[in-house]
Amino acid sequence: HDPASSRTLFVGTSQSARFPLNAVSNAKYTPVSFLPLTLYNEFSFFFNMYFLLVALSQAIPQLRIGYLSTYIVPLAFVLAVTLGKEAYDDIERRRRDSEANSEGYTVLCFDKPGVGNADRYHAKKKFKSKASTKSKRRSLVEADRLSDIQEEEESAESYGLRGAPTSVVRELVRKSRDLKVGDVLKLGKDQRVPADVVILKSFTHESAVAVKDDASPVLAESLLVEPISDPPIDQTTATTAASHESTSESGNTPAADAAGVGETFIRTDQLDGETDWKLRLGSPLTQSLEPSEFVRLRVVAGKPDKKVNEFIGTVELLPKTAGYDPHVPRRSPLNNEITSDEPSRGANSAPLTIDNTAWCNTVLASNATTLAVVVYTGPQTRSALSTSPSRSKTGLLEYEINSLTKILCALTLTLSIVLVALEGFEHVKGFKWYVKIMRFLVLFSTIVPISLRVNLDMGKSVYSWFIQRDQGIAGAVVRTSTIPEELGRIEYLLSDKTGTLTQNEMEMKKIHVGTVSYANEAMDEVASYIKQGFSVPASTDVNQTSMLITPSSTFVAPTTVTATRTRREIGSRVRDVVLALAICHNVTPTIEEENGRPITSYQASSPDDIAIVK
């Protein structure tokens, strides 16, 4: 597939184009490039180049001072320590990459209806043939054949001729590196998204229970009213869902959640640094579909891009036609060829935006099950495109030592020239004056301690070891041990608005409407306004249950009100303020269990919204 063009993918089936593998690689070196790159990085500093030149000078007989090993061995030891540390860091990067690539994810596989029964029939027949005699084997095979035919007939009757599923869904676990474009993932809470996906369906099993548990029949103690009971489920839908679950080998997700609207929240702190949760939605076209119908979907997406806040695409629901079979290769003569250039006749389509996506390395935060299709993998994901290639990082301390080494080298050169000048620039014993200067430089090379580099490298490794095992910052990972000392040289700490450093816990203590302000004890009067404005008075009809009154309600308040006109206006203003706070947010209540007890928690992209609702 050309990465510079848009892509068309069919959900749950093999793709006609080849896409890159979904493998993560943060390694800095390869076995071939390790030695050249590390040596280049080391000798790009004057510190190491200085000792290399001193060691090479001993190969010249006129400049030789002592044994050659006294200059070569220390330099080789320093380089060996540095290369070993770089190799260890890169091995650790590869180990972390291997853990991420080997992480298991649940993938929905779509089989043709009836294939599973046939496979079980052949497996039973083969097993029976090995365990019994020929006469018994014939009778057992006939009995199995009759039972399999009966099961297929019952399955066909339960689905019906028109309601036959497009495919049978089964779940299997794949490693992250084995995921391909078009695979449908089943993701849960606190699970990392392994690739760039488009959300097809999101549901929660606790939402219906939460509505019943949160209901309060007493209106005087709470503003909540009795919820409207869910309509009876259609018997045909129930039969279809039941037969669908019975056909699945490992338990499918429910077809539709009566209380769910396809909402899920993700954490993008590993992508853009923002800790607020982001709301993501399933497309209305795919949210109402059963998972077995996902093979009829076709997704058109743009070319891979590193813009994390932009996405334009389209999802299409292909019609059920006699000539289309998702389980037959698309280029096969048994299947009508469907290309991305020709429009689908009778296909329903819906646009896709950034709200329908979840990028790689984001984490699902809500307590919901999300079904999503993989769109971009490996190096074509948003996180991979936004990440610069690994480079060798150098701390400020390294540059300072490099500068000090240049100063010391200049001092030794000056001292050598002064000593030769005091003796006189005369040729003595066959040595020219500039040769004597070079010999003095070699003698004074010990002024620059070569062991300094070893001590620094070993000290940084020790710092890294302590950082990763510090109980005060549990979970910290040192990805490179070349710059841990930079943490102690931080001069400025930049932060954004107040919500970062303060607790967003608010309580309504004062309300101001026009010329009237309520606070402290006057809040009881505000509560009475709310009860009168949002519910039917008990004196209206004794037999009538509690009912919530909103601007869209058809209920008309009685005209026999003893309050003055001004009082009615203030009450309506208070009612409007509370109504605005109640509806202008994206807060979703969820039920979570703590110590075996259900607890209601709120989820939203803004902590301020959660505080207001609480």
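Positions are given from 1 along the sequence.
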*Does a donor on one side chain sit under 3.5 Å from an acceptor on the other, for Arg192 and Asn361?*
yes
Please tabulate, for the side chains in residues 37-44, all donor-acceptor contacts under 3.5 angstrom to protein atoms that are two or more places apart in sequence or on a different chain.
unit_1	atom_1	unit_2	atom_2	d
Thr38	OG1	Phe34	O	2.7
Thr38	OG1	Leu35	O	3.1
Asn41	ND2	Leu37	O	3.1
Asn41	ND2	Ser392	OG	2.8
Glu42	OE1	Asn48	ND2	3.0
Glu42	OE1	Arg453	NH2	3.1
Ser44	OG	Tyr40	O	3.4
Ser44	OG	Asn41	O	2.7

*At what distance, to the nearest 0.5 angstrom, does CD1 of Ile354 lie from NZ of Lys278?*
10.5 Å
_Test side-chain contact (heavy atoms from CB on, under 4.5 Å) applied to Leu352 and Ser283, step by step_ = CA-CA 7 Å; Leu352 295 175; Ser283 174; 4.1 Å; yes
Please tabulate, for side-chain N and O atoms in residues 370-377, each donor-acceptor pair with protein atoms closer than 3.5 Å (sequence neighbours left out).
unit_1	atom_1	unit_2	atom_2	d
Tyr376	OH	Gly302	O	2.6
Thr377	OG1	Pro20	O	2.7

_So for atom CZ, which belongs to Phe46, do other residues, nucleotides or ligands contribute more than 12 heavy atoms lying within a distance under 6.0 Å?_
yes
*For Ser102 against Arg177, the heavy-atom pair lying closest together*: OG-NH1, 3.0 Å
*Quick check: does any side chain N or O of Tyr399 sit under 3.5 Å from a backbone N or O of Thr394, one acting as donor and the other as acceptor?*
no
*Indicate yes or no: does Asp178 engage Lys175 in a salt bridge with an N to O separation below 4.0 Å.*
no
*Go through the steps for Ile467 and Leu487 under the test side-chain contact (heavy atoms from CB on, under 4.5 Å), then give the verdict.*
CA-CA 11 Å; Ile467 289 174; Leu487 293 174; 3.9 Å; yes
*Kindly indicate whether the side chain of Leu456, heavy atoms from C-beta on, has any atom under 4.5 Å from the side chain of Leu397.*
yes
_More than 12 heavy atoms from other groups under 6.0 Å of CZ on Arg597_ = no
*Say you draw a straight line from CH2 of Trp277 to OG1 of Thr264; how long is it, rounded to the nearest 0.5 Å?*
9.5 Å
*With a 4.5 Å heavy-atom cut-off, do Leu52 and Leu75 have their side chains touching?*
yes
*asked:* When you measure from the side chain of Ser461 to the backbone of Asp457, do you find a donor-acceptor pair of N or O atoms at a distance under 3.5 Å?
replied: yes
*Just by distance, do the side chain of Asn22 and the backbone of Gly378 share a donor-acceptor pair under 3.5 Å?*
yes
_Pair Arg170 + Asp111: basic N to acidic O under 4.0 Å_ = yes
*Report the distance from atom CD of Gln58 to atom CD1 of Ile72, rounding to the nearest 0.5 Å.*
8.5 Å
*Taking every non-hydrogen atom, the tightest pair across Ala195 and Thr381*: CA-CG2, 4.4 Å
*Do the charged groups of Asp183 and Arg174 touch, with an N to O distance under 4.0 Å?*
yes
_Atom NZ of Lys189: over 12 foreign heavy atoms under 6.0 Å_ = yes
*Judged by modelled atom types alone, do Asp89 and Ser481 share a side-chain donor-acceptor pair under 3.5 Å?*
yes
*asked:* For Cys360, is there any backbone N or O sitting under 3.5 Å from a side-chain donor or acceptor partner on Asp196?
replied: yes
*Below 4.5 Å, heavy atoms only, C-beta onward: do Phe110 and Val169 meet side chain to side chain?*
yes
*With the threshold set at 4.0 Å, does a side-chain nitrogen-carboxylate oxygen contact exist between Arg94 and Asp90?*
yes
*Would you call the rings of Phe311 and Trp359 parallel, tilted or perpendicular, where under 30° means parallel and over 60° means perpendicular?*
perpendicular
*In sequence, state the C-alpha distance, the side-chain angles, and the governing distance for Asp305 and Arg382, and then conclude on side-chain contact (heavy atoms from CB on, under 4.5 Å).*
CA-CA 6 Å; Asp305 196 353; Arg382 287 321 199 250; 4.2 Å; yes
*Answer yes when Arg95 and Glu99 have at least one side-chain N-carboxylate O distance shorter than 4.0 Å, and no when they do not.*
yes
_Which heavy atom of Lys393 sits nearest to which heavy atom of Ile483, and what is that distance?_
CD-CD1, 3.8 Å
*Compare every heavy atom of Val315 with every heavy atom of Leu285, then report the nearest pair and how far apart it is.*
CD2-O, 3.6 Å
*Check step by step if side-chain contact (heavy atoms from CB on, under 4.5 Å) holds for Lys306 and Ser386.*
CA-CA 5 Å; Lys306 63 180 181 180; Ser386 302; 3.6 Å; yes
*Does CE in Met458 sit with more than 12 non-hydrogen atoms of other residues, nucleotides or ligands closer than 6.0 Å?*
no
*Are Lys460 and Glu86 close enough, and set up right, to give a salt bridge (charged side-chain N to carboxylate O under 4.0 Å, His left out), and what steps lead you there?*
CA-CA 12 Å; Lys460 291 179 180 181; Glu86 286 290 323; over 6 Å; no
_Surrounding CZ of Phe444 (heavy atoms of other residues, nucleotides or ligands, distance under 6.0 Å), is the total greater than 12?_
yes
*Is there side-chain contact between Leu200 and Val11, with at least one heavy-atom pair below 4.5 Å?*
yes
*Check the surroundings of atom CG in Leu452: do more than 12 heavy atoms from other residues, nucleotides or ligands lie under 6.0 Å from it?*
yes
*asked:* Closer than 3.5 angstrom, by distance alone: can the side chain of Asn26 be matched with the main-chain N or O of Arg93 as a donor-acceptor pair?
replied: no
_Side-chain heavy-atom pair Leu396, Arg489 within 4.5 angstrom cut-off_ = yes
*Heavy-atom distance under 4.5 Å between the side chains of Leu297 and Phe10, does that happen here?*
no
_Separation of Arg479 CZ from Arg96 CZ (nearest 0.5 Å)_ = 5.0 Å
*Taking the side chain as every heavy atom from C-beta outward, state whether Ile199 and Arg280 have any atom pair closer than 4.5 Å.*
yes
*Measure the spacing between CG of Leu413 and CE of Met438 and express it to the nearest 0.5 Å.*
9.0 Å
*Considering non-hydrogen atoms only, spot the tightest contact between Glu171 and Leu108 and give its length.*
CG-CD2, 3.5 Å
*Examine distances only and state if a side-chain atom of Gln287 and a backbone atom of Ser202 form a donor-acceptor pair shorter than 3.5 Å.*
yes
*If every non-hydrogen atom of Ser349 is compared with every non-hydrogen atom of Thr314, which pair is closest and at what distance?*
CB-CG2, 4.1 Å
*asked:* Tell me if a side-chain donor or acceptor on Thr414 pairs with a main-chain N or O of Ala410 at a distance below 3.5 Å.
replied: yes
*asked:* Determine whether a donor-acceptor pair (N or O, by modelled atom type, separation under 3.5 Å) exists between the side chain of Asp355 and the backbone of Leu281.
replied: no
_Side-chain donor or acceptor of Ser33 paired with backbone N/O of Thr30 under 3.5 Å_ = yes
*In terms of heavy-atom contacts, does CZ of Arg469 have more than 12 from other residues, nucleotides or ligands at under 6.0 Å?*
yes
*Under 3.5 Å donor-acceptor, Asp609 side chain and Val587 backbone*: no
*Distance from Glu594 atom CD to Ile599 atom CD1, nearest 0.5 Å?*
3.5 Å
_With heavy-atom distances below 4.5 Å as the criterion, would you say the side chains of Ser445 and Tyr71 are in contact?_
yes
